[in-house]
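This one's a predicted model, so the numbers in the text were calculated from it and none came from an experiment.
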Amino acid sequence: MLDILIMLVAVLIIILVLLQSGKSAGVSSAFMGGNGGLNLFSNLKERGPEKVISHLTLVMGIVFFVLVIVKLIVTQQ
């Protein structure tokens with residue numbers, strides 16, 4: 001049962017990450033310095049649905065790691 005829950009959370013994380021809009025012109029421009037220099041860690045304000053999706057992704061990531069740790073503890077006993 002715990003394995004199925006972990007897989008569902010992982011799929012939700014993948015979907016949430018794919019739903020997020022790009023924060024720059026692209027990954028290549030972030031690493032290669034296109035249009036305004038290296039903006040890999042730029043601080044952009046998120047609004048509306050972008051903020052909700054970002055927070056959901058963070059929460060699902062935390063839930064995923066907690067479930068994996070719980071599974072590790074359960075299988076050790």
Side-chain angles (χ1 to χ4, degrees):
M1 180 67 184
L2 199 55
D3 291 332
I4 294 171
L5 192 59
I6 290 172
M7 282 200 266
L8 288 175
V9 171
V11 168
L12 279 174
I13 291 172
I14 291 169
I15 292 170
L16 287 171
V17 168
L18 289 175
L19 285 175
Q20 291 180 7
S21 63
K23 305 242 187 302
S24 66
V27 176
S28 62
S29 69
F31 288 110
M32 298 300 178
N35 292 350
L38 185 65
N39 59 0
L40 182 61
F41 299 106
S42 65
N43 189 8
L44 298 175
K45 300 283 183 185
E46 297 171 333
R47 295 185 177 136
E50 295 174 351
K51 188 174 185 179
V52 172
I53 291 173
S54 178
H55 284 267
L56 275 175
T57 306
L58 177 66
V59 169
M60 285 295 135
I62 292 169
V63 168
F64 179 80
F65 282 111
V66 168
L67 287 174
V68 170
I69 290 171
V70 166
K71 179 176 173 21
L72 181 68
I73 292 171
V74 168
T75 57
Q76 290 290 328
Q77 296 175 354

How many angstroms lie between [atom1] in [X] and [atom2] in [Y], if you round to the nearest 0.5 Å?
| X | Y | atom1 | atom2 | value |
| --- | --- | --- | --- | --- |
| L19 | I15 | CG | CD1 | 7.5 Å |
| I62 | T57 | CD1 | OG1 | 11.0 Å |
| I69 | K71 | CD1 | NZ | 13.5 Å |

Taking every non-hydrogen atom, the tightest pair across V9 and L67: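 The pair with the smallest heavy-atom distance is CG2-CD1, 3.9 Å.
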
[X], [Y]: one ILVMFWY side-chain cluster at the under-4.5 Å cut-off?
| X | Y | answer |
| --- | --- | --- |
| L18 | V11 | no |
| I14 | L12 | no |
| M60 | L2 | yes |
| V70 | L5 | yes |
| V63 | V74 | yes |

Crowding at CD1, I4 (>12 non-hydrogen neighbours, <6.0 Å):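 No, because the 6.0 Å sphere around CD1 of I4 holds 12 heavy atoms or fewer from other groups.
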
Sidechain-backbone polar pair: S54 side chain, E50 backbone, donor-acceptor under 3.5 Å: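 Flag not set: sc S54 to bb E50 has no pair under 3.5 Å.
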
